[in-house]
Amino acid sequence: MSRSSRHSIRIRMIIAACLALFFLAAAGSTGWAEMTGMAWLANQPDVRSALLGGAVVSNVADASATLWNPAGLAGIDGGEGLVTHAASFADIRREFAAIARNYGSVALGAHFEGVWTDDLDGYDGSGTFEGSFGYYGMAAGLAAGMPLGDHFRVGAGVKYLREAIDVYSATGWAVDLGAQWMAGTMPLQLGAAVLNLGSDPTFIDESFPIPTIFQAGGSYTFPLNSLSGGLMVSADVRSAKDRDTSIRYGVEYQHLQMVSLGVGYRTALDSQDLSFGFTFHRDRVELQYAFLPQSDSLLGDSHRFGLGVKLW
């Protein structure tokens with residue numbers, strides 16, 4: 001078999017895998033019935049995904065690929081670091097940090113994410129105050145992405161998980177898998193990822209699954225030469241265990257590789273669907289901001305801030 005024939009077969013296999021994941025996600029339109037723990041794993045904390053409604057599985061190519069699609073690590077030029085802070089309702093805080101570097105034949109990344117609250121008041125069944133207790137969840141992982149020819153990227157990652165309430169805790173491991181395809185002849189990209197594949201952690205005496213996610217989608221960039229920029233439009237289907245299937249849409253305008261403006265929309269969410277924000281690039285530094293308004297006044301709006309640095 002010739003090299004070109006093997007390459008053609010590989011192209012068809014990867015496209016078929018992306019399409020299979022897409023339709024598998026679409027088929028679960030009412031969500032998976034099984035209840036899950038570590039629910040924060042289904043809500044990635046980075047800024048760019050927030051302002052694009054989470055429609056990034058095909059176009060992510062920075063350190064946040066360790067969260068969304070490890071194949072995207074292969075699109076990094078050199079090396080970079082990224083940190084994100086998110087604050088939302090009930091004093092819930094989330095932090096995310098990642099570092100990644102492309103070595104040519106393979107790109108490597110490492111990340112940490114954590115979620116925690118201020119001390120919470122505890123009461124017994126009769127309503128008697130029994131003191132305060134804390135809560136936190138964290139994930140730390142390693143990922144790798146590599147190109148397959150000029151048009152494909154594949155990647156995989158592994159992460160350690162831990163969640164604790166008061167003196168009780170649960171730990172586990174999970175694996176992420178992903179792929180991206182670039183058309184080459186046109187500014188079209190497709191991507192698919194399976195996230196949080198792992199065993200069921202045990203909390204006290206109960207085991208529970210983690211929120212496994214299937215996500216697939218595509219993006220297209222329209223050149224706007226008269227405006228010295230480009231407009232990227234993306235759409236993803238996302239199916240997560242214990243959640244309704246969601247369609248994610250994102251639009252991002254980039255001007256002179258200096259300023260990016262983004263807006264996103266998510267379906268199947270009760271109180272949070274719209275998001276928007278910006279990214280400002282200057283030399284080796286990137287500043288990010290996303291705003292996620294809540295229609296439920298009790299929950300409050302969410303703000304996310306990010307800082308990216310080109311390290312190499």
A97 backbone acceptor or donor facing H111 side chain under 3.5 Å: no

Distance in Å, T66 OG1 paired with L108 CG, rounded so as to fall on 0.5 Å steps: 12.0 Å

Which atom of A174 lies closest to which atom of I210, heavy atoms considered: CB-CD1, 3.8 Å

Close side-chain approach of Y249 to T267, heavy-atom, < 4.5 Å: yes

Check: F280 and V259 side chains under 4.5 Å, non-hydrogen atoms: yes

Heavy-atom side-chain proximity of L161 to K159 below 4.5 angstrom: yes

Residue pair S105 / M146, side-chain heavy-atom distance below 4.5 Å: no

Donor-acceptor contact below 3.5 Å, side chain E113 vs main chain Q44: no

Contact check, side chains of F96 and F112, non-hydrogen atoms, under 4.5 Å: no

Polar contact flag, side-chain donor to acceptor under 3.5 angstrom, E286-Q288: yes

Smallest separation among heavy atoms of G37 and P211, with atom names: O-CD, 3.2 Å

Heavy-atom pair with the smallest gap, counting every atom of G277 and L51: N-CB, 3.8 Å

Any side-chain donor near an acceptor of the partner, R248 and S49, under 3.5 Å: no

Heavy-atom check, side chain of D176 versus side chain of L67, under 4.5 Å: no

Path from M232 to L188 over hydrophobic side-chain contacts below 4.5 Å: no

Same apolar cluster (I L V M F W Y, side chains within < 4.5 Å links), I99/I76: no

Heavy-atom side-chain proximity of H281 to Q254 below 4.5 angstrom: yes

Test of ring centre spacing under 6.0 Å for W116 and Y135: no

Donor-acceptor contact below 3.5 Å, side chain S275 vs main chain F291: no

Within one Ile-Leu-Val-Met-Phe-Trp-Tyr cluster: L73 and V56, side-chain cutoff 4.5 Å: no

Hphob cluster co-occupancy, F214 + L177, side-chain heavy atoms under 4.5 angstrom: yes

Passing option when V57 is tested against L195, D236, L190 for side chain to side chain contact (heavy atoms under 4.5 Å, CB included): D236

Heavy-atom pair with the smallest gap, counting every atom of L292 and A50: CD1-CB, 3.8 Å

ring-ring contact (aromatic ring centres under 6.0 Å, His included) contacts touching residues 49-79 (sequence neighbours left out): none

Contact summary for T171 and R162, nearest pair of heavy atoms: CG2-NH1, 3.4 Å

Same apolar cluster (I L V M F W Y, side chains within < 4.5 Å links), V47/L307: no

Considering all heavy atoms, the nearest T212-L197 contact: CG2-CD2, 3.8 Å

Gap separating the CD1 atom of I165 from the CD1 atom of I204, nearest 0.5 angstrom: 8.0 Å

Backbone of L227 reached by a side-chain donor or acceptor of H255 within 3.5 Å: yes

